[in-house]
Structure formats: C-alpha cells, structure tokens
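Step one of this worksheet: look at the structure below.
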Amino acid sequence: MSATRTATTVASLGAAQTLAWASTYYLPAILAAPMARDLGVPTPTVFAAFSCALVVSALLGPYAGRAIDRLGGRPVLMATSVIFALGLSGLALAQGIGTLLAAWLLLGVGMGSGLYEAAFAALVHLHGRNARNQITGITLIAGFASTVGWPLSLWMEAQWGWRGACWAWAGLHLAVGLPLNAWIPRGRAPERQESHPAPTTTSRALGQTPVHSRRTTALLAFVFAATWFTSTAMAAHLPRLLQEGGASLATAVAVGALVGPAQVAGRLLEFGFLRHVHPLLSARLAALMHPVGAGLLAVAGAPTAALFAVLHGAGNGILTIAKGTLPLVLFGPTGYGHRQGILMVPARLAQAASPWVFGMFLDRLGIGALWVSAGLGVAAFWALLAVAAPASREDLPAPER
C-alpha cells in the first residue's frame, strides 16, 4: 500500500474514531443530567445504563475481533456506524428506564465492535507487523475526542435539547462516520489471517510454549484492566480528587483540562522517540507515570496537581497505544483481532465498575484513594516486567521504509 493511501486510511480511521468516542464514551458527561431530569430518573441511573453498555462491549469484543480477522475492518466498522446511529436514535426516543437501557445496550454493541480495538485490528489486517505507526496515528487524532465532543454536545444540547443532540450525533454517524469507514481498503493482511488460531500455532510462531503464551496473555489482560480502571476513575473523579488534595474548584477544573493535551503529548513522544524502542519498554515507563504523579500529589498536595495531571495524561496516552502494539509484537498479526478482544474483556469490565468502586474509595479515604490507583499502576509495572520480549529480532515489526 502506498504511503499516501496509508496516510489517508489513518486519517479516515482517526476521524471516524473521534466521532465514535465523542458520541458514546464521552456523551454521558454532558447529557446524563438533562437526560435524567427529562426522564424523571436519578442521574446515577443513566451512568448505570452506560456501565451496562461497557459490559456488553466487553463481551462482544472477541467476536468483533474475530470478524475483522476474517473479513477486514471495512465491513465491521461500516456496520458499527449504522449501529451507533440506531443506538443514538434510540436514546433520542427514550421515554423511561426500559427504553433508555435498551438504547445504551445497543450502543454497547457498537462500542464493542467500533472503538479502538476494532480500529487497531483493521490496521493489523492491512499492515501486519508494521502497523505500530498507524496505530499511533489514529490515537493521535482521536485523542481529541473529548476536546471536540464535550463542547459540541454542550452546544447541541443548548440549541436543540439533549434529544436533538442525540439525533445530531446519529446523523453524523451516517453522513460522516459511515463514508469514513467505507474508505478503509478492502485488502487483506500481508500474512495469512486465521479467524481463530490455535494457541500452539501462535506460540510456535514466536518461539513461545503454550504455557508461556497463556502466561503472557494473563499478564497483559491484568495490565490493561488495571490501567483502564485508573484511567476511567480519573476521568470520572479527577476534579473532586484534586479538591480533596487542597485545590480550589477553579484550579481543579483548570488542572483537569491538562490531561487531554498531556495524552496527545505522550502519543507524540511514542510516535517520535519511543517508536525506536521496544513497546514493552515504553509501556513500563508509562505504567509508572501515574504512580509517580500520585505519590507527589498525595505527599505535597495542591502545588503538584498540575504535574500529576500531566504525568497521568502522558502515561495514559502511551498506554493506549501499548494496548494495540504489545499484542501485535508479542503474538504476531495472526488472529490479532480475536486475541485483542479477549485481552480487553477484563479491561472493559474494570472500566464499567471503576467510577463506582473508586468513588467509594474516595468517600472513605479522600486523597488517600490515590494510593489505590498508584498501587494498581505499580502492579501493572511489575506485570510488564514479567512479560518477556520476543526471542529474536525477527519477531519485531519491520522498520517502515
């Protein structure tokens, strides 16, 4: 595939991912309260429905990944554009708890087959072992999903109400997201893809025993679950957490705004300097960033709040890429989508439980809740230390030409 065609594919996927994240994962932060008021339900009920959508996405992920392994990303991601539009239309038509939940469950189907893991699998299907830079590219673009999505949802809600905002997002999926996903090439991966490879096949390909392969899978699943738990907890509770550390509300909001740019900066670091090192090394460094920042904030308080936000954001940005590149480097492209779906099941479940669980720690421990998230970060670091790199240079992605 030519460099121009590759760049166009990355840009199309990145823009489609920005739309997908902005209209699903980042939607409740703006629209949950007006939804709850209009439907006559508590606001936590809307977030509970959102958590149910995350559970559905976790359970569906392996099947969506297997479909991409077989068919490529184009048909699967095009279908999810339609599913997103239907789910958002269902939200706009919701009249009570039952229809609200049904709409979010349908959105969960779209999230399980249309967010980062699916986009990563689509790129691996096209580029095989050389997809690392392309994976980084779409995360650089979609890293602005909250920056674009939150103000746009707020503007839509002010203009047309929350139902009108949902209709508008649904229309954007059909008018913009569907054509963008249709732009993905139909081509097959350079290496033969199997829909559900036997573990021994993948293990032998990289010189691993089946036991070692299962151990690596378990370690990565834990790392992804621990880091996604923390990422979601910070997204839900960061302003309150910073206030518990002594920051004013205005300072907490201003500092929280640093996380998004820091994530993009971390991804630029990965795209620039860290792409020349093994993804395991960059992931280990990234896993330590939140614990270091959390320790500074817990000990020194508000004066280090900005540094904490930058470290957390940069680490989270790099780890987002690692979720795509580590399985590729450690297991190879064969059956990548299915394996990626399996690896992310615990992460999605942890993500669904995170706002509630971390909220309880915050209620009981205040700023001390940071020791929980820091402990998870340290545990993820040690788990990554226990993961062995491929045995030979042949197992690494070939350099881009």
Side-chain angles (χ1 to χ4, degrees), residues 25-33 36 42-48 50-51 54 143 145-147 149-151 154 223 225-266 286-320 347 349-381:
Y25 185 81
Y26 293 111
L27 195 70
I30 303 299
L31 298 187
T43 301
T45 300
V46 179
F47 283 100
F50 173 61
S51 293
L54 293 175
S146 61
T147 305
W150 282 340
L154 190 63
V223 169
T227 53
W228 272 49
F229 177 94
T230 297
S231 174
T232 306
M234 294 302 107
H237 297 292
L238 184 58
R240 181 186 166 195
L241 182 68
L242 294 175
Q243 288 179 277
E244 292 284 348
S248 66
L249 176 60
T251 299
V253 171
V255 168
L258 295 174
V259 173
Q263 288 184 149
V264 175
L288 283 178
M289 289 184 180
H290 176 87
V292 169
L296 291 172
L297 182 61
V299 172
T304 58
L307 180 58
F308 164 72
V310 170
L311 287 171
H312 166 74
N316 190 56
I318 296 171
L319 286 168
T320 300
L349 295 176
Q351 186 182 37
S354 175
W356 174 62
V357 173
F358 193 80
M360 288 196 305
F361 282 118
L362 197 54
D363 288 339
R364 296 183 181 184
L365 304 175
I367 192 65
L370 273 176
W371 296 117
V372 176
S373 59
L376 286 172
V378 172
F381 170 74

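Since we're looking at a predicted model, the values are computed, not measured.
Distance CG/Leu365 to CZ/Phe358: 9.0 Å, rounded to 0.5 Å. Between atom CG of residue Leu54 and atom OG of residue Ser354 there is a gap of 10.0 Å, rounded to the nearest 0.5 Å. Residue Thr227 holds its OG1 atom at 12.5 Å from CD1 of Ile318, rounded to the nearest 0.5 Å. Annotation: the span from Leu362 atom CG to Leu241 atom CG amounts to 6.0 Å, rounded to 0.5 Å. The distance from the CZ atom of Phe308 to the CG atom of Leu242 is 6.5 Å, given to the nearest 0.5 Å.
Identified under the salt bridge (charged side-chain N to carboxylate O under 4.0 Å, His left out) test for residues 244-258, with sequence neighbours left out: none. Within the structure, salt bridge (charged side-chain N to carboxylate O under 4.0 Å, His left out) pairs that include any residue of residues 366-381 do not occur (at least two apart or interchain). Sorted by first and then second residue, the side-chain hydrogen bond (donor to acceptor under 3.5 Å, both in side chains) pairs with a member in residues 308-320 read Ser231-Asn316, Gln263-Asn316, Arg267-Thr320, His290-His312; sequence neighbours excluded. For the salt bridge (charged side-chain N to carboxylate O under 4.0 Å, His left out) condition, the pairs that include at least one residue of residues 354-379, sequence neighbours left out, are Arg240-Asp363. For residues 304-314, no residue pair satisfies the salt bridge (charged side-chain N to carboxylate O under 4.0 Å, His left out) rule, not counting sequence neighbours.
Every side-chain contact (heavy atoms from CB on, under 4.5 Å) that Phe47 has, sequence neighbours left out, goes to Pro28, Ala32, Thr43. Take Tyr26 and apply the ring-ring contact (aromatic ring centres under 6.0 Å, His included) test, not counting sequence neighbours, and it matches Trp150. The side-chain contact (heavy atoms from CB on, under 4.5 Å) search around Leu154 returns Ile30, not counting sequence neighbours. Every residue was checked against the ring-ring contact (aromatic ring centres under 6.0 Å, His included) condition with Trp371, not counting sequence neighbours, and none meets it. Under the rule for a side-chain contact (heavy atoms from CB on, under 4.5 Å), the partners of Leu376 that lie at least two apart in sequence or sit in another chain are Ala226, Phe229, Thr230. For Ser51, the side-chain contact (heavy atoms from CB on, under 4.5 Å) partners at least two apart in sequence or on another chain are Ala352.
Here the closest heavy-atom approach between residue Ala286 and residue Gly315 is recorded as CB-O, 3.6 Å. Here the shortest heavy-atom pairing between Leu297 and Ala305 reads CD1-CA, 3.9 Å. Of all the heavy atoms in Ala309 and Leu258, the pair that sits closest is CB-CB, 4.3 Å.
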